[in-house]
Amino acid sequence: MSARPIRRIAINTGGGDAPGLNAVIRAVVLAATQRGWEVYGIRKGYGGLLGDDVIVPLDRQAVRGITHLGGTILGTTNRGNPFEWAVEGPDGKLVAIDRSDEVVEAFRRHGLDALIAVGGDGSLQIACRLMQKGVPVVGVPKTIDNDLAVTEVTFGFQTAVQTATEALDKLHSTAESHERVFLVEVMGRHTGWIALEAGISGTCDVILIPEIPYDIDRVCEKIQARYAEGRRFAIVVVAEGARPRNGQVTLVEEAQPGHAARYGGIAERLAREIYEKTGRETRSLVLGHLQRGGSPIAYDRYIGLRFGGAAVRLVEAGAFGQMVALQNGEVVAVPIESAVAEIKRVDPNGDAVRTAREMGVSFGD
Ligand code: F6P
């Protein structure tokens, strides 16, 4: 694509928030204003273009002192897909309508030359579809789940792993004092990246991830073996998307028009099963949105800032439809489509899983 003069760009953040989003916003605003461009923030995903919120001018002052802050100064939503906008139907039930033409029209009305869309797979799919409708988009990958193909890592992930690991560390002393089994449910949707990395770093006894369906009897065997050895407590980390062999994932809410299914409840379900099978006192804990909150660790700020700067360079080059990604430690450009074509899953035969097994960790298989 040939380069075109840019005067005014927009940035939005979509989907679940992730520590490091504000670092991206800061880098985009500083790099763009340095080029003499104006920057606007579309609030709440695409809400600012749909009358559901506003668009705000972002200058150097607006992004002062935000790099270390969690969340996003622009707000976000994972219920704001303009192609599947949920509204109440005549019978009171939610139905999805397509409002994407309104987004395109509002984008033009505001005189915007490009959009930097920061999001996970859902938001990047929306970005791809808007691109097909003529909106020049550059993508920035974000998610604590780390499940985006084509990029080695997404910012926010390492902060989530850090939070989960610290929780696992703290649970050790109380689990040991009470001789209890603890189940800790972590996020990750269809993938087990957070469970795997926090589970290994937090020296869990059992790690359950969607990529390796578990057998409850194998999980109980591992727990019983620990007690038999004299280690009279056990810590199990379970990804929210983990499921038993030949079984289903545990959801708190099925998918609805305009938003995806919500995972949750696997730890409590397993705690009951483990207690029934072993008679051991068992407790469960859901770390939930703690994993998305708080200040990004240095690594996530660093990646977020680099992604933001690189996204502006892509806009300058007219490389629309591209997304920034980390490959071999370098920020590169890849087609957004390639990032949303498939999910990046844990390799059950990869070195991390093998190392965990060599440390005596059970994956319940
Ligand atoms: O994709 C990020 C994520 O935190 C998932 O790990 C989790 O399943 C989901 O978002 C939770 O979404 P919500 O904020 O709607 O509860």
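Positions are given from 1 along the sequence. These figures come from a predicted structure and were not determined experimentally. Numbering of ligands and ligand atoms starts at 1, following listing order.
For atom 16 (O) of ligand 1, the nearest non-hydrogen atom from the set His289, Arg262, Gln291, Arg79 belongs to His289.
Within a 6.0 Å radius of CZ in Arg354, other residues, nucleotides and ligands contribute 12 heavy atoms or fewer.
Here the closest heavy-atom approach between residue Asn12 and residue Ala117 is recorded as OD1-CA, 3.3 Å.
Here the protein heavy atom with the shortest distance to atom 1 (O) of ligand 1 is Asp145 OD2, 2.6 Å. Summary of contacts: the protein heavy atom closest to atom 4 (O) of ligand 1 is Arg292 NH1, 2.8 Å.
The shortest heavy-atom distance from Gly188 to ligand 1 is under 4.0 Å.
Cation-pi geometry between Arg280 and Tyr227 is met: the NZ or CZ atom falls under 6.0 Å from the ring centre, inside 45° of the normal. Cation-pi contact between Arg245 and Tyr214: absent, since separation from the ring centre below 6.0 Å together with deviation from the ring axis within 45° is not met.
When non-hydrogen atoms are compared, ligand 1 lies under 4.0 Å from neither the backbone nor the side chain of His259.
With hydrogens and angles ignored, the 3.5 Å screen pairs a side-chain donor or acceptor of Glu185 with a backbone N or O of Ile266.
Each of Lys222, Arg226, Arg231 was compared with Asp205 under the salt bridge (charged side-chain N to carboxylate O under 4.0 Å, His left out) criterion, and only Arg226 meets it.
Each of the following atoms of ligand 1 lies closer than 4.0 Å to a heavy atom of Glu240: 5 (C), 6 (O), 7 (C), 8 (O). The atoms of ligand 1 that sit less than 4.0 Å from any heavy atom of Asn78 are 12 (O), 13 (P), 14 (O), 15 (O).
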